[in-house]
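Worksheet: the structure to be examined is printed underneath.
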Amino acid sequence: MVTIAERLNSAYQRLQEAAEKSPYRHPVRLLAVSKTKPITLIQHAYDCGQRCFGESYVQEAIEKVQYFANTPDLEWHFIGPIQSNKSRPIAEHFHWVHSVDREKIAKRLNEQRPKGMPPLQVLIQVNISLDPAKSGCLPTQIENLAQLIVHCDQLTLRGLMTITELTEDKAKQLNYFQQMRQCFDTLRAQYPNVDTLSMGMSGDLEQAVAAGSTMVRIGTDIFGQRQ
Ligand SMILES: *Cc1c(COP(=O)(O)O)cnc(C)c1O
């Protein structure tokens, strides 16, 4: 049986190989996406040294965050679509949110983030492939949303996230990721604290890193197929 330790190891190795080939020399973080997977597997990954985890479904995620409440060095990232009536538990339990794609959600997260907590670290999700099945704002909407977020006391704008359309066409994927990198560089020119470009999953990590991703989100490669 292949263990989480081995899978995690090979995910980091794959990331390192991609990073060595990339023209971008900055480090790339690996977010372990544990959605639908049991707490025991998260514990295994934690025991191997993994500290940041991504979740997509609110209720399941909150149970996991609460289970690990006494493990302060864990960092939880919410990466799923956000319904406005589910924003409160996200604001109360997560360190990062990758999927802010409209003003209403940004405002709610800001109001609902408890005052005693550090600001929520926010990425704007962009639907770069204009895929009707994907959430995310349009590239032309980034600027307005960014301006709103930087004026929210309880939010810190860290950058952009994307999930591209499902395609086997690697050149097409690379092109979408390069467009994202341009959006990211434009945003960073205006807001120097912006430092995170979240893109790349098990299926397209190499293309994302080649285009300048700073954080990849890996689920299947670490935890196995989801049902
Ligand atoms: C599930 C998910 C991932 C991980 O995808 P894999 O293909 O399993 O690596 C990454 N990002 C988001 C937003 C996801 O929902």
Side-chain angles (χ1 to χ4, degrees), residues 2 4 6-19 28-38 41-42 44-45 48 50-62 64-65 75-83 86-87 90 94-102 105 109 120-137 158-170 172-174 176-177 180 183-184 196-211 213-227:
V2 185
I4 293 290
E6 287 165 321
R7 284 172 167 275
L8 200 55
N9 227 339
S10 51
Y12 273 96
Q13 204 162 339
R14 184 177 165 202
L15 176 58
Q16 190 183 335
E17 280 162 24
V28 183
R29 292 184 72 193
L30 190 158
L31 183 68
V33 177
S34 46
K35 66 183 183 210
T36 80
K37 297 297 179 182
L41 295 190
I42 299 174
H44 285 320
C48 296
Q50 180 66 29
R51 290 294 178 268
C52 49
F53 292 88
E55 289 283 339
S56 294
Y57 308 110
V58 177
Q59 192 175 337
E60 176 199 346
I62 301 309
K64 291 172 176 175
V65 174
E75 190 178 274
W76 292 100
H77 294 233
F78 191 82
I79 63 176
I82 306 176
Q83 291 168 264
K86 299 269 179 63
S87 60
I90 298 172
F94 281 81
H95 301 93
W96 286 66
V97 177
H98 291 219
S99 41
V100 174
D101 63 356
R102 55 200 192 277
I105 296 298
L109 290 171
L120 190 57
Q121 307 299 299
V122 168
L123 303 179
I124 296 171
Q125 182 174 350
V126 183
N127 188 356
I128 198 71
S129 50
L130 312 178
D131 179 349
K134 290 268 176 330
S135 26
C137 71
R158 295 295 292 269
L160 304 177
M161 181 272 243
T162 197
I163 313 170
T164 66
E165 123 190 79
L166 260 176
T167 168
E168 293 296 306
D169 185 340
K170 294 195 186 314
K172 207 168 165 188
Q173 279 173 342
L174 181 65
Y176 286 135
F177 289 138
M180 277 302 293
C183 295
F184 175 67
T196 303
L197 179 56
S198 165
M199 58 188 193
M201 321 198 327
S202 297
D204 54 17
L205 174 150
E206 281 78 14
Q207 292 75 257
V209 171
S213 167
T214 74
M215 188 185 291
V216 294
R217 308 178 307 268
I218 306 298
T220 309
D221 268 10
I222 296 169
F223 296 111
Q225 292 287 345
R226 289 176 296 272
Q227 299 304 312

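In this chain, residues are counted from 1 in sequence order. Each ligand, and each atom within it, is numbered from 1 in the order the structure gives.
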*Quick check, are the ring centers of H95 and H77 under 6.0 angstrom apart?*
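Ring-ring flag for H95/H77: false, centres at least 6.0 Å apart.
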
*asked:* Distance alone, cut at 3.5 Å: any donor-acceptor contact between the side chains of E165 and Y176?
replied: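 Distance-only check passes for E165 and Y176.
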
*Is there a donor in the side chain of E17 and an acceptor in the side chain of Y12, or the other way round, less than 3.5 Å apart?*
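Looking only at side-chain atoms, Y12 and E17 do not form any donor-acceptor pair under 3.5 Å.
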
_Min N/O separation D221 to ligand 1 under 3.5 Å_ =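 Between D221 and ligand 1, no N or O pair is found under 3.5 Å apart.
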
_Check this for me - ligand 1, G219, N or O atoms closer than 3.5 angstrom, yes or no?_
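G219 vs ligand 1: N/O contact under 3.5 Å present.
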
Identify the protein heavy atom lying closest to [atom], giving its residue, its atom name and the separation to 0.1 Å.
| atom | value |
| --- | --- |
| atom 12 (C) of ligand 1 | I79 CD1, 3.5 Å |
| atom 2 (C) of ligand 1 | K35 NZ, 2.6 Å |
| atom 11 (N) of ligand 1 | R217 NE, 2.8 Å |
| atom 8 (O) of ligand 1 | T220 OG1, 2.5 Å |
| atom 9 (O) of ligand 1 | S202 OG, 2.5 Å |
| atom 10 (C) of ligand 1 | M201 SD, 3.3 Å |

*Which atoms of ligand 1 have any heavy atom of I218 under 4.0 Å away?*
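Within the 4.0 Å cut-off of I218, ligand 1 contributes 9 (O).
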
*Please determine if E55 and K37 form a salt bridge, counting it only when a charged side-chain N lies under 4.0 Å from a carboxylate O.*
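Salt bridge: no.
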
*Run the salt-bridge test on K172 and D169 with the 4.0 Å N-O cut-off and return the result as yes or no.*
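Not counted as a salt bridge, because no side-chain N and carboxylate O are separated by less than 4.0 Å.
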
*Can you tell me if S56 has a non-hydrogen atom under 4.0 Å from ligand 1?*
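So S56 counts as touching ligand 1.
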
*asked:* If you define the side chain from C-beta out and look only at heavy atoms, does anything of I105 sit under 4.5 Å from I82?
replied: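 Touching, per the 4.5 Å side-chain cut-off.
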
*Taking the side chain as every heavy atom from C-beta outward, state whether F177 and L197 have any pair of such atoms under 4.5 Å apart.*
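In short, these two side chains do not touch, never coming nearer than 4.5 Å.
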
_Region of H98 that comes within reach of ligand 1 [heavy atoms, distance under 4.0 Å]_ =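 No part of H98 comes within reach of ligand 1.
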
*asked:* Once ring-ring contact (aromatic ring centres under 6.0 Å, His included) is applied, do any residues pair with F53, and if so which ones, sequence neighbours excluded?
replied: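 Once residues adjacent in sequence are excluded, the partners of F53 under the ring-ring contact (aromatic ring centres under 6.0 Å, His included) criterion are W76.
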
